[in-house]
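Computed from a prediction, not measured in an experiment: that's the story for all the values here.
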Amino acid sequence: MAVVEMKRIHVYAPKSNRKKILEMLQRRAVVEVSSPEEAGPDGTGGPFSKTDTASARQTFEKNAQLITNAVEILESYASFQKPALAMLEGRKGINAQQYEETAQAAPELTKTASRISALGRRIGDQQAEIARLEAQIDALTPWMGLDISMRTIGTSSTSVFIGSFPEELTAGEIKTRLAQAAPEVEGLEVEVVSTQPQQTCVFVVCLAKFGMKAEAALRGMGFTYPAAPSKTAPAQRAEELRGRIKAAQEDIAASEKEIASYGDKREALLFTADYYTMRADKYQVLGELWQSPHVFWLTGYIEARRAPALQKLLEEKYGAFVEVETPDEKEELPIQLQNGFFAAPVEGVIEGYSLPGKWEIDPAKVMCVFYYVLFGMMLSDAAYGFLISLGTGIVLLKFKNIEESLRKTMRMFFFCGLSTMFWGVLFGSYFGDAIDVVARTFFGADIHVQPLWFAPLEEPMRLMLFSFLLGIIHLFAGLAMQIYQLCRRGKYLDALYDSGFWYMLVGGLIVALVSMDMFQDMMGLSIAIPSLVTTIALVLAGIGAVGIVATSGRESRGVKRFLKGLYGLYGVSSWLSDILSYSRLLALGLATGVIAQVFNMLGTMAGGGPVGAVLFIVVFLIGHVLNLLINLLGAYVHTNRLQYVEFFGKFYEGGGRKFQPFAAKTKYFKITEE
């Protein structure tokens, strides 16, 4: 069983050591803290109470967000060299002493972050101001020919109108229309300042006594005043605006320079963001603890193997009283998987479905074998497998600090690559038939790489039969897991009813089917099965069928029990569909080989000369990269499906809750306890 044994731990310690204990537990990440609703059996809490830490927690979260935003601004204006494969670098580790040293600098770094954020806002404001000023200059452009203020309305003896018409007009056309609209207006002069396809900017003057009539006539022609007339001449106003733009640009440059000057503080700022995140998490836990004026009480779950060391540390260093006990059988314990080098990589696949339930075992050790085998059989090209294992192997060797979850994923694909190489050698596929094609096209040689077993493209029925056989083994392994789980709980009869009878029925039917001449002729088999074996298989199948009908509805009585039994026997149809599902091993395996051969053939269209060699290389690289990526995804998806639907469907329900210890959930650094 690869599920880690859990213990419940109770810690009673002096309140004066509360901060030190919580920080130590956070760095070690070994205890999942759980807080009971009440501290006393009478429901009053007794001398214990909880502290409201919401305000402090929000402050820390706000500071963490402030620093994160400041770093984003800093990265926009200061140059940093990020590794090409930064995601594989992992988080930098720092010890407890470095944690304390940087924590002391947190207030000063928070001020730095505030200054960077203020400068960033200032840059944004100035950029908005520049956009506004440029819009004003654009609005003034049609009026640059006007040498007086746009707000001029006239003198004691004249009326002046400065505005525009929504169409292109000449001075003569404007005068003519005005004369027709207001013939009594005298002393009228019109000057066109500028014209555009849908706008004519004009300066109109007339005698003051005709001002109202002239304005009415102008408005009747669509005349409008400028939305924001300048106090000074447009050219002079534009020059003023350009000066303000220049000042804003200089201010932006100064702010950017100051931001860039903080570039050496980026790493310290990132750690401080993590520091505040850790403090926010700590205060959240702190608010869930029961405390008295002098003592606090912490309870939760811990891995059994880690409990003695932590108990000794808490009692000797922090003066705590620690109780470690075996949880009650009714408790829903958190689940932590623990597997070896070969099985641990598939833990992420299991978690993607669901962790084991209360009475279930971790299926990783059995599942990993089938996972690697099925994945490799679907991809089944030795060259592709070599590339996968080579790439993931380099990552695992070079990036020692890679995050654990990503490390497991890389290791899983490393083993999948090895399996792909194995099946590729058995089936004689190396970039499809690339070796044969290259030898024949460019060297005139007839070289054919023989498979160690057989070539699926030449014997697809053979591969299909093997796929079904592998599927049956996979499904029977799932039934065996169910038997093991039930026997561990002492439910031996349930193991017989729910799994044993299905072994008899399905196994017997398979043997009987294979012994039929029609089936052997259809599949091209020549297996001599004695009639006695066939008879025994049919008898076992009959016993299994009767047993399933008799026990599937055992929780009911009478006719209802019989009907439920018949419905249980109907489940044999799902076995047929499950076995047929393994035909995807044939489909994906053939698809990989066929597509590879198609690209190899396309690469030889120009023959074997220099041009043909160049074309072949280009088509080969593009085609096989695409084929590898597409079928790699397909193999991953369908291998998961065979685990989740067919394999897990025979014994696994899941529903377990993941063990989530109180830990430093940092983004940029790993806090280590030394």
For this session: Give, for atom OG1 of Thr299 and atom CD1 of Ile9, the distance between the pair rounded to the nearest 0.5 Å.
Result: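 Going from OG1 on Thr299 over to CD1 on Ile9, the span is 8.5 Å.
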For this session: Using a strict 4.0 Å threshold on nitrogen-to-oxygen distance, state whether Arg8 and Glu331 make a salt bridge.
Result: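 Answer for the salt bridge query: yes.
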Problem set entry | Sole candidate of Thr51, Leu22, Val11 that passes side-chain contact (heavy atoms from CB on, under 4.5 Å) when paired with Leu289 |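 The residue from Thr51, Leu22, Val11 that satisfies side-chain contact (heavy atoms from CB on, under 4.5 Å) with Leu289 turns out to be Leu22.
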Centroid-centroid distance, [X] to [Y], less than 6.0 Å:
X      : Y      : value
Phe342 : Tyr372 : yes
Tyr668 : Phe271 : no
Phe659 : Tyr301 : no

Less than 3.5 Å apart, any donor N or O on the side chain of [X] or [Y] sitting next to an acceptor on the other?
X      : Y      : result
Asp281 : Gln26  : no
Asn17  : Lys317 : no
Lys7   : Thr326 : yes
Ser499 : Gln482 : no
Ser556 : Lys564 : yes
Asn640 : Tyr371 : yes

Exercise. Does Tyr567 OH have over 12 foreign heavy atoms under 6.0 Å away?
Worked result: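 Incorrect, the count does not exceed 12.
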Problem set entry | Whether over 12 other heavy atoms sit under 6.0 Å from Phe562 CZ |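 Counting other residues, nucleotides and ligands, CZ of Phe562 stays at 12 neighbours or fewer.
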Exercise. Taking only residues two or more places apart in sequence, or in another chain, which ones meet Glu332 in a side-chain hydrogen bond (donor to acceptor under 3.5 Å, both in side chains)?
Worked result: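 side-chain hydrogen bond (donor to acceptor under 3.5 Å, both in side chains) check on Glu332 returns nothing, list empty.
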Problem set entry | Results of salt bridge (Lys or Arg N to Asp or Glu O under 4.0 Å) for Glu325 - residues two or more places apart only |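 So Glu325 forms no salt bridge (Lys or Arg N to Asp or Glu O under 4.0 Å) with any residue.
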